[in-house]
Visitor: 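Provided herewith is a single structure, encoded as structure tokens, for subsequent inquiry.
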Amino acid sequence: MSMYQDEFRRSIDHPEAFWAEQARRIPWFTPPTTILEYDEAGHARWFVDGELNLCHAALDHHVDQGRGDQPAILWDSPVTDSKRTLTFAEMRDQVARFAGALRSLGVEKGDRVVIYMPMVPEALVAMYACARLGAVHSVVFGGFAPHELAVRIEDAEPKVVVAASCGVEVDRVLPYKPIIDAAIEQSSYKPEACVVFQREQHRAELGTIDHDWAALVEKAEPADCVAVKGSDPLYVLYTSGTTGKPKGVVRDTGGYAVALTYSMDTIYDVAPGDVFFSASDVGWVVGHSYIVYAPLLRGCTTVVYEGKPVKTPDAGAFWRLISEYRVKSFFTAPTAFRAMKKEDPDAKLMAQYDISCLKALFLAGERLDPPTFHWLDDLMDVPVIDHWWQTETGWPIAANLQGLEPMPTKAGSATVPVPGFNVQVLDREGEPVAPMEQGSVVIKQPMPPGCLTGVWGDPKRFHSAYMAAFPGYYLTGDGGYFDEDGYLFIMGRTDDVINIAGHRLSTGEMEEVVGAHPAVAECAVIGIHDALKGQLPVGLVIPKDGFEGREADLEEELIALVREKIGPIACFKQVLVVDRLPKTRSGKILRKLLRNIADGKEFGVPSTIDDPASLQDVHEAMKERSVGTAHEARQV
Ligand code: COA
Ligand code: AMP
């Protein structure tokens, strides 16, 4: 039996013994005696009676072990022309002081703190400070509009909001304070205080509930690490679901620490002292797990990059960073490489840097499309690894395990299930399908440590969204298949979630915004292929009877509305005014058909990223496939 097969079987056949062994690698205050138990609804809970503190495990522990002078954070910000290094000891001290500052505002164990910050070291300081106090952070990505922030504040009910005065996007300074003020105004729940980290690119004016970060820290007493239970929440991270309301994915502390530590060795093959660079954002799960927590838990150095793959200043940014910081393991989304390939198709900029330090390149966030895979595979001397995961799982479900048993790669495959994840492909009736047949990709219970333990404040939704479709299995929402060699291919979502530039967004959420416009009778938002971003949303809109305005004006208003309500990150820039939408005779929009049209399946040939279904094709197919008249559609 191969090393992988042996480890995988042990993890599935004897999960308690397997994870008990992994848990010994974590510096617990009190090691767990109960490894796995199930709650009333039958969901797995790991290490419930163990006691630890994640900040202690990632910072204080390493300082105690003699890593105090090793860089913990290498911050590189071409957009502000700045660089900074923070050692483990400096990071621990700054976190302890900021934790004290939060405590002075009344933040204690279990309280929520919303963090709205760009890629600055202080974002990590704020997250670790919450962990130090046992408070639960909820980081919101900077590209979201006030309404989205308000929805999250309303749901998480934070005692305090921590923000920066601005973000910097390539050459634009984006003031954050007006966004926060508008969000708090819109939310019926009001936080008690807001701490603002002032950046020199734009200083915010402070209001009555606002505190200046530096002034608050100056008078704060450093706070010690508070012991929490293994199953206590570390954070809530909101992600798009199929409805307008995002889901607050709850992450525990002990299971997460154990899973991340395991992944650093087994998947990424890094050891203490190595440099790990994940080019994502602290607002996404990749940022939480592989910029903020996993590298420091494992005693590695993490690169925190405030910039883009291109234009800051050119498509050589990543190569420079890998070379300059001697990065061993690099992780980003395929869309970033598609952007680089567009600007520098022969990767001439790569040749300018010595990247011999790099041992593997990891990609996730969306499917690694074969053309991008081949471009990278031809270019690089190191393995190019696609791996599949989601906000809910917190770490990879399938990967090519570089630290356990590297396998040959296959274009389009995320390789094999990671130990702990009993991945199956089921048909509609819940029966396993044969190799090469597509179906719903599910994970048999128990989910391994590190995965979501609930939806914040909504246990019913946790069950209905993930556990109800196939009893005993977690529904990933992705479709795919295993090939004859056991390689897993993830082909895309089976629901109305779309993936834009590696960011997950809900078409349902956009439809709610578009549908609320007074001139819109009916609408559907679909994702169509885009050569750079993978998918882009398109709004199909039927105006109300009697609409006499210009279609172009309506389109412009709808684009502005989505930008205002959801944010620029939705990339909602195309609207088609149509006569009809494909419907059942009872008037229900045929969403599956719309998805198929967008996927190109309706044209007989599945479109690929290189062969996108054009907007015109979508329009034509829409006309052909529509049942009912425009008048009937308006009656619904
Ligand atoms: N704060 C405010 N606005 C933001 C933002 C942030 N943190 N991030 C993005 N935006 C804005 C952008 O400025 C852009 O606005 P515009 O419509 O006014 O131009 C809009 O949101 C769309 O952003 P994006 O999709 O990122 O497009 P882009 O053209 O700026 O960059 C890529 C394209 C491919 C380079 C970029 O999306 C990228 O690097 N993606 C990698 C994704 C990633 O790391 N995913 C994490 C999972 S691993
Ligand atoms: P998010 O929760 O934002 O990380 O998005 C998770 C979704 O992105 C998954 O459910 C998939 O649809 C998609 N995804 C992420 N990584 C991959 C991958 N390597 N291959 C295919 N799809 C992926």
Side-chain angles (χ1 to χ4, degrees), residues 141 143-145 147-148 151 238-247 284 335 365-367 390-392 461 465 475-479 490-517 520-530 533-542 554-555 557-578 580-584 588-602 607 609 612-615 617-619 621-622 625-626 633 636:
F141 178 65
F144 282 122
H147 171 73
E148 290 292 315
V151 168
Y238 288 85
T239 188
S240 299
T242 46
T243 68
K245 193 176 174 219
K247 289 181 280 208
W284 305 116
T335 187
E366 55 172 327
R367 181 165 183 255
Q390 334 183 287
T391 304
E392 288 85 346
R461 195 168 178 201
L475 182 75
T476 66
D478 283 316
I490 297 297
M491 302 308 290
R493 300 288 303 188
T494 56
D495 54 17
D496 293 320
V497 166
I498 58 173
N499 198 309
I500 303 168
H503 308 134
R504 174 166 154 188
L505 288 135
S506 156
T507 53
E509 200 169 355
M510 294 185 220
E511 280 171 15
E512 278 185 21
V513 175
V514 172
H517 188 287
V520 172
E522 220 174 352
C523 73
V525 174
I526 58 172
I528 64 160
H529 289 298
D530 177 74
K533 297 194 177 180
Q535 281 185 299
L536 279 178
V538 175
L540 305 165
V541 171
I542 303 177
L554 178 61
E555 288 170 18
E557 282 170 32
L558 293 174
I559 289 167
L561 199 60
V562 173
R563 197 178 169 93
E564 180 204 317
K565 294 280 184 199
I566 299 180
I569 202 68
C571 298
F572 185 84
K573 292 189 175 160
Q574 302 182 79
V575 173
L576 273 180
V577 174
V578 294
R580 349 163 157 204
L581 288 167
K583 288 183 158 189
T584 60
K588 259 179 100 181
I589 295 176
L590 285 161
R591 291 184 177 279
K592 188 146 185 255
L593 178 67
L594 282 175
R595 268 208 305 274
N596 286 348
I597 288 172
D599 285 348
K601 287 180 194 144
E602 280 296 302
S607 60
I609 283 179
S614 76
L615 210 54
D617 289 339
V618 171
H619 206 180
M622 203 67 65
R625 290 288 166 160
S626 296
V636 178

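Bear in mind the structure is a predicted one, so any value in this text is a computation, not a measurement. This chain uses plain numbering: 1 for the first residue, then up along the sequence.
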Visitor: Walk me through whether Leu558 and Val520 qualify under side-chain contact (heavy atoms from CB on, under 4.5 Å).
Guide: CA-CA 10 Å; Leu558 293 174; Val520 172; 4.0 Å; yes
Visitor: Under 3.5 Å, is there a donor-acceptor pair between the side chain of Gln390 and the main chain of Thr476?
Guide: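 Here the side-chain-to-backbone pair exists.
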Visitor: Hey, mind stepping through Phe572 and Val513 against side-chain contact (heavy atoms from CB on, under 4.5 Å) and telling me if it holds?
Guide: CA-CA 11 Å; Phe572 185 84; Val513 175; over 6 Å; no
Visitor: Tell me every residue that passes salt bridge (charged side-chain N to carboxylate O under 4.0 Å, His left out) with Arg461, counting only those two or more places apart in sequence or in another chain.
Guide: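 With sequence neighbours excluded, Arg461 shows a salt bridge (charged side-chain N to carboxylate O under 4.0 Å, His left out) to no residue whatsoever.
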Visitor: Quick check on side-chain contact (heavy atoms from CB on, under 4.5 Å): which of Leu540, Ile542, Val514, Val541 does Glu522 satisfy it with?
Guide: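 So, applying the side-chain contact (heavy atoms from CB on, under 4.5 Å) to Glu522 and each of Leu540, Ile542, Val514, Val541, only Ile542 qualifies.
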Visitor: Quick one: pull up CG in Leu505 and SG in Cys571 and give me the separation to the nearest 0.5 Å.
Guide: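 SG of Cys571 is found 8.0 Å from CG of Leu505.
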Visitor: When rounded to the nearest 0.5 angstrom, what is the spacing between OG1 in Thr507 and CD1 in Ile498?
Guide: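 Rounded to the nearest 0.5 Å, the OG1-CD1 separation comes out at 6.0 Å.
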Visitor: Let me confirm one number: the NZ-OG1 distance from Lys247 to Thr239, rounded to the nearest 0.5 Å.
Guide: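 If we round to the nearest 0.5 Å, Lys247:NZ and Thr239:OG1 are 7.0 Å apart.
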Visitor: Would you please test His147 and Glu564 for side-chain contact (heavy atoms from CB on, under 4.5 Å) and show each step?
Guide: CA-CA 8 Å; His147 171 73; Glu564 180 204 317; over 6 Å; no
Visitor: Before you tell me yes or no, could you show the steps for Val575 and Ile559 under side-chain contact (heavy atoms from CB on, under 4.5 Å), namely the whole-Å CA-CA distance, both residues' side-chain angles and the distance that decides it to 0.1 Å?
Guide: CA-CA 8 Å; Val575 173; Ile559 289 167; 4.0 Å; yes
Visitor: Without swapping roles, check the side chain of Ser240 against the backbone of Arg504 for a donor-acceptor pair under 3.5 Å.
Guide: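 Flag set: sc Ser240 to bb Arg504 pair under 3.5 Å.
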Visitor: Provide the closest heavy-atom pair for Gly479 versus Thr494 in the form atom of the first, atom of the second, distance.
Guide: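 Where Gly479 meets Thr494 most closely, the heavy atoms are N-CG2, 3.7 Å.
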Visitor: State, to 0.1 Å, how close Ala465 and Leu475 come at their nearest heavy-atom pair, and which atoms those are.
Guide: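 Reported closest heavy-atom pair: O-CD2, 4.0 Å.
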Visitor: So which heavy atom on Arg493 is nearest to which on Asp478, and how close?
Guide: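 Arg493 and Asp478 have their closest heavy atoms at CD-OD1, 3.2 Å.
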Visitor: Look at the rings of Trp284 and His503 and say which category their plane angle falls in: under 30° parallel, 30 to 60° tilted, over 60° perpendicular.
Guide: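 Judged by the thresholds at 30° and 60°, the geometry between Trp284 and His503 is parallel.
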Visitor: With sequence neighbours left out, write down each residue that passes salt bridge (charged side-chain N to carboxylate O under 4.0 Å, His left out) with Lys245, or none if nothing qualifies.
Guide: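 With sequence neighbours excluded, Lys245 shows a salt bridge (charged side-chain N to carboxylate O under 4.0 Å, His left out) to Asp155, given in chain and number order.
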Visitor: Under a 3.5 Å distance rule, please check whether Gln535 uses its side chain to pair with a backbone N or O of Asn499 as donor and acceptor.
Guide: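 Side chain of Gln535 to backbone of Asn499, a donor-acceptor pair under 3.5 Å: yes, one is there.
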Visitor: Find the distance between CE (Met510) and CD (Glu512) and round it off to the nearest 0.5 Å.
Guide: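 The CD atom of Glu512 is 12.0 Å from CE of Met510, to the nearest 0.5 Å.
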